[in-house]
Amino acid sequence: MIEIKDLHKSYHMGSNSLHVLKGINFSVSEGEMVSIMGSSGSGKSTLLNILGMLDEADEGSYNLDGKTIKNLNEKVAAKYRNQFLGFIFQSFNLINYKTAVDNVAMPLYYQGVKRNIRMEKAMHYLEKVGLAEWAEHHPNELSGGQKQRVAIARALASDPKVLLADEPTGALDTKTSYEVMELIQGINDEGKTILVVTHEDDIAHMTKRIVNLKDGLIIDDSVVSQVRAKEAKERQEQAKRANHV
Amino acid sequence: MFNIERWQEIFETIRKNKLRTFLTGLSVASGIFILVILLAIGQGMENGIGQQFQNDAANRISVWTGVTSESYKGLNPGRRIEMDNQDYELAEQKNEDQLEYKSGLYSLWGQLTTYKNENGSYRVEGVRGDYQFLENETLTAGRYINQQDLDNYEKVAVLGNRVYLDLFKGSNAIGEYIQVNSIKYKVIGVYTDPGGEREETRIFIPLTTAQRVYNAGEKLRSLVFSLQPQDKFEDALAASEAFSAQLETDLKQKHTISPTDERAININNTLENAKRFFDLIAMIRGFFWGVGICTIIAGIVGVSNIMLIIVKERTKEIGIRKAIGAQPMSIIGMILHESIFVTAIAGFFGLIFSLFLLEIVGPLIESEYLLNPSVDFGVAITTVVILIIAGALAGFFPARRAANIKPIVALRDE
């Protein structure tokens, strides 16, 4: 699904040059759920931005579902983003003046889907994340976890090949984090390829493979046994109860 | 443009930002308002000044003589030139088919005039029948001087309205006799003149009578003509200028005056004066357009500024939109659409409000130089077009900036 070879990226700030990615080789096949870990400054966000076509690499090749992503103009990049990718952000990035269902329907609007079909599809995905009765609410009326669920529904709406999640639980408490991860795991179970950037160990272990980044290089890439978020949540609740007693 | 989704987006953003949109609209609306009012005032001035020219026939050409200022063919300067009936006949014969109205004039100033116990001092002018039209006079009673009066040297008089009111205090004047110095004249008519009172303190008598009674022989003080009207102002102007020039040359030749002498023969051409006024009006009008357009430009800059702020404020939103697949053109369309919509609606309000004001206040204005200020349909359409262009211009630069927003920068957490 994703093929990256010898990816380099540097940022120039005045006379200083910062070499962020120093030759990344990395591939993800369909149906995988991969987490990219690393401390801040390790280049994980940059890598995700390049994968998301929000940024472009200086060197190296990037293949997404058989398409070479190189020197795209804005128009084509927008089209590919819309068709191939679904984004989930740490800060949700919902549009505040739109209702939940309108937010979810947005990628479909840019695909040129007719309004009634769009709304129908959006409702379907909202149901899937368990927020059907919150469809007409604005984001400021939703809790953090609910917002992230809306964002996930939006990422799914255009039926993308790959979901890219940038610290999807970074702004959530542990319980809500596990609920969101449970949802993401469910989506992966249905066969969607998912990439999660995180610096939290427990979240990383809820994926099937962990790629560790340090100083712009992959230092470790290993398959792990997936921790089901649901079980983790239950364990946590038990521990809490035990503490109370 | 007719995409219902786009409209929904725009209404949504406008609803969310009522005050901001209102203020933006206000600057555009006031710009259009000022432009329309200025143009209407320009039109009103044109109407007003146009009416001032109704005093006399619009294409009146009058000739009077003075003293030569240059020596010519052995004659000294300082010679007083006097015209007579021959001059008049010469001009008349030479331009018969071109002339509309024509009259010679012999006038006397400050003639003591009495009727019963009332008296006053007025100007007495001996004229031909056409003079009524050259002065644009309307009779309120009786008749004007006719050819028979001229042929028979009748002692008849047509009074200006002021003279009539002074002497007769509103009672019947027709058929009564007034005494001008020692000579009695029968009153045959009373006239009014749109030029006002100054023009109505005159008494007209037949030219032939005036020349005989006041021992003037064949002398004339001045010649007054008007030319056949033309369809186009430019044609009329050209014809009257040519006529004036020809007449001057002829008279100079006949009276042995240097061709370069500017004081011996004076020709006043109202059409030339009118042209000067119309040029002035055109300039004023241009100035008003200029001021109006500048006001609108200020408005556009205002809208553009606010659109930039909007873009800045919505940077994140635009970033999100781009991340989920919005193409640059759709972002540009969104911003442009909104700015055109806001300027157009606000502009229409300004336009309608100003037209409304003109409709109500316009007719109430009573000034000599401002008459019925209004704008015509073409001008209204022009302002609408200006509006739409303005909206597009105001939106363009912010829209381009919005389209260039990099999603990665926009989404970066602050």
Side-chain angles (χ1 to χ4, degrees), chain A residues 9 11 45-46 48-50 52-56 73-99 102-116 118-119 138-139 151 154-158 160 164 166-167 170-171, chain B residues 1-21 307 309-338 341-342 399-414:
Chain A
K9 175 79 186 172
Y11 289 109
S45 287
T46 307
L48 195 76
N49 286 330
I50 290 170
M53 289 179 248
L54 298 175
D55 208 344
E56 215 166 290
N73 66 29
E74 283 249 26
K75 206 175 153 186
V76 179
K79 199 175 140 201
Y80 281 6
R81 274 200 293 272
N82 187 284
Q83 274 178 1
F84 296 136
L85 302 171
F87 289 93
I88 301 166
F89 302 95
Q90 176 175 9
S91 49
F92 324 127
N93 284 337
L94 298 175
I95 291 173
N96 284 323
Y97 62 81
K98 286 182 175 289
T99 60
D102 281 334
N103 263 291
V104 176
M106 276 244 289
L108 298 167
Y109 167 59
Y110 287 116
Q111 274 182 2
V113 176
K114 276 209 177 77
R115 185 174 169 81
N116 49 355
R118 203 163 75 212
M119 285 313 186
H138 286 91
R154 182 180 65 186
L156 290 172
S158 57
L164 297 175
D166 187 6
E167 303 273 10
Chain B
M1 199 42 135
F2 300 103
N3 185 341
I4 190 158
E5 311 287 349
R6 184 73 68 66
W7 284 110
Q8 281 168 342
E9 297 267 312
I10 287 165
F11 286 132
E12 224 156 0
T13 36
I14 288 173
R15 238 194 334 267
K16 292 286 159 190
N17 302 292
K18 287 196 194 81
L19 180 66
R20 189 176 66 191
T21 311
M307 292 311 290
I309 294 171
I310 291 174
V311 166
K312 188 96 187 146
E313 226 170 64
R314 293 173 73 182
T315 298
K316 187 147 191 164
E317 181 200 327
I318 290 166
I320 297 168
R321 284 174 184 272
K322 289 185 97 174
I324 61 175
Q327 302 198 342
M329 274 313 291
S330 104
I331 302 286
I332 289 182
M334 183 173 80
I335 304 290
L336 263 189
H337 201 160
E338 183 177 332
F341 178 73
V342 170
R400 207 177 53 178
R401 169 176 281 202
N404 287 338
I405 287 173
K406 289 214 177 310
I408 175 173
V409 176
L411 294 176
R412 198 171 284 158
D413 286 313
E414 273 104 64

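Reminder, nothing fancy here: chain letters follow the sequence lines and each chain counts from 1. Computed from a prediction, not measured in an experiment: that's the story for all the values here.
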Backbone N or O of [Y] within a donor-acceptor pair of the [X] side chain at under 3.5 Å?
X	Y	result
A/Asn82	A/Ala78	no
A/Arg154	A/Met106	no
A/Lys98	A/Val104	no

Top contributor to chain B interface from A/Phe89, A/Tyr80, A/Tyr109 [non-hydrogen pairs under 4.5 Å]: A/Tyr109
Please classify the contact of A/Tyr97 with chain B as side chain, backbone, both or neither, using a heavy-atom distance under 4.5 Å. both
So, the part of A/Leu94 with a heavy atom under 4.5 Å from chain B: the answer is backbone
Test ring-ring contact (aromatic ring centres under 6.0 Å, His included) applied to A/Tyr110 - qualifying residues, sequence neighbours left out: none
Okay, B/Arg321 and chain A: the region with an atom under 4.5 Å from a heavy atom over there is both
Which heavy-atom pair separates B/Gln327 from A/Lys79 by the least distance, and what is that distance? NE2-CB, 3.9 Å
Among B/Pro328, B/Ser330, B/Pro407, B/Ala403, residue most engaged with chain A (heavy-atom pairs, under 4.5 Å): B/Pro328
